[in-house]
Amino acid sequence: MIRNLKIFSIFNSKGTPAIMVKIQTDNGSYSASIPSGTSKGKHEAKELPVERVLKNFSKIRPRFVGKDERDWRGIDSLLKELDGTENFSKLGENLSLSISIACARAAFENEIWKIHKPRMGMEFPIPIGNVIGGGKHLGGTDWQEFLVIPYGAKSPGEAVEIMVSIWASLGEELRKKKMLIGKNVENAWMTKLDDLKTLDLLSDVSEDWKVKLGIDFASSSLWDGKRYVYKKLGKSLTPSQQVDFITEVAEKYRLYYLEDPIQEDGFRQFMILNHILGKDCIIAGDDLYCTNPERLRKGIKNKATNGIIIKPNQIGTLSLADEVVRIAKERGMIIIPSHRSGETEDDWLADLSLAWDAPLIKSGITGSDMTKLNRLIELWEDIPEVKMAKLPL
Ligand code: 2PG
Ligand code: MG
């Protein structure tokens, strides 16, 4: 039974206030803290300022005391009911998700990878790591994240080792070329090179390793309502020119993973791109879907993508995120659980990626994101009969 709930104002990796909730039951004390995005999709659930969240918490806290934590889905329904809006704009998704995850942790005594019946031979996700960055995350490039996917790794530990080695050697290479600016919000390198020269460099360095390349284009931040505006490359493209440009780049650099290559409401261009590239490349919707079941259904109907980013704080509770995962998997979509750019030390994303049988997990490479990767390493040792997932395409 839930005996008590507490809330703390903490700080995330960007140094901005975040919250942590702690739930006390007869069995112990269980906490959760929630990350925050920088390049948020406009269809995401609403994150509220910490001060408001603290006030909301004191109002709703008594409704949870005495409840059975094992009914974590019931707790999520209560959160939805108390909020009463479509997008948690009254309570704040940071409040709802922190209660939701802390409660699930209490229900499974911290092992939330068990929310779906664990089975033998569990597969561990291949990490996707951000090595060079730009866009709203800051940096010299227009595109937000240049990603490496160490598909040849035989364990999560080896995957991290490969990503970190590539990240370090890219930093060194940029320094030598005098093209290094520094590190951005996700600890990815910021470079003076333009987007295409960055891809040239990445192709060279990654040739020595068994990695696939990807990009989070975060195209909504290039979109001015009519055209995609590239400051660094000095281009301004119509929607159909953007499709052509992305196709050309994906083919030339043999990209395997393309996230948000089109702005968040461009279902039609997503569909065209998915039709052209979707057999060989993962076309993942992040801002496009915002982990929202209605938007996902629209994407499925239109064959807009073959993959979906899952960020539980875009929808507000664990059960709602779980439902989106269920719908996506039922329709053969590749799911990619993902961190946010303002992270906390909490590692629940790693557990959920296992629970959901995700073939991939997206995170940063160093800093606060290390806790998620380390949790994968820990579970790899703890769970019997495990194997690494295969690339989904
Ligand atoms: C993204 C994420 C994480 P943010 O766009 O995929 O890398 O960034 O948290 O800023 O939305
Ligand atoms: Mg993204």
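We count ligands from 1, going down the list as the structure has it; atoms in each ligand are counted the same way.
The distance from the Mg ion (ligand 2) to the nearest N/O/S atom of E145 is not under 2.8 Å.
Contact annotation for K136 and ligand 1: no heavy atom of the residue comes within less than 4.0 Å of the ligand.
Tested against R340 for a side-chain contact (heavy atoms from CB on, under 4.5 Å), the candidates T38, N313, I34, N12 yield a single pass: N313. Tested against I215 for a side-chain contact (heavy atoms from CB on, under 4.5 Å), the candidates Y257, F146, Y256 yield a single pass: F146.
Nearest protein neighbour of atom 5 (O) of ligand 1, counting heavy atoms only, is Q144 NE2, 3.0 Å. At the top of the distance list for atom 9 (O) of ligand 1, counting protein heavy atoms only, stands S341 N, 2.8 Å. Nearest protein neighbour of atom 3 (C) of ligand 1, counting heavy atoms only, is E186 OE2, 3.3 Å. The closest protein non-hydrogen atom to atom 11 (O) of ligand 1 is R340 NH2, 2.8 Å. Nearest protein heavy-atom neighbour of atom 1 (C) of ligand 1: K311 NZ, 3.1 Å.
Counting only N and O atoms by type, the side chains of R227 and S236 include a donor and acceptor under 3.5 Å apart. Under the 3.5 Å distance criterion, with hydrogens and angles disregarded, a donor-acceptor pair is assigned to the side chains of N87 and S89.
Cation-pi check for K235 over Y230 is not met; the charged atom does not lie both under 6.0 angstrom from the ring centroid and within 45 degrees of its normal.
Between S36 and ligand 1, not a single N/O pair is under 3.5 Å apart. For a threshold of 3.5 Å applied to N or O pairs, the pair formed by H137 and ligand 1 contains at least one separation below that value.
Considering all non-hydrogen atoms of both residues, M388 and A153 come closest at CG-O, 3.7 Å.
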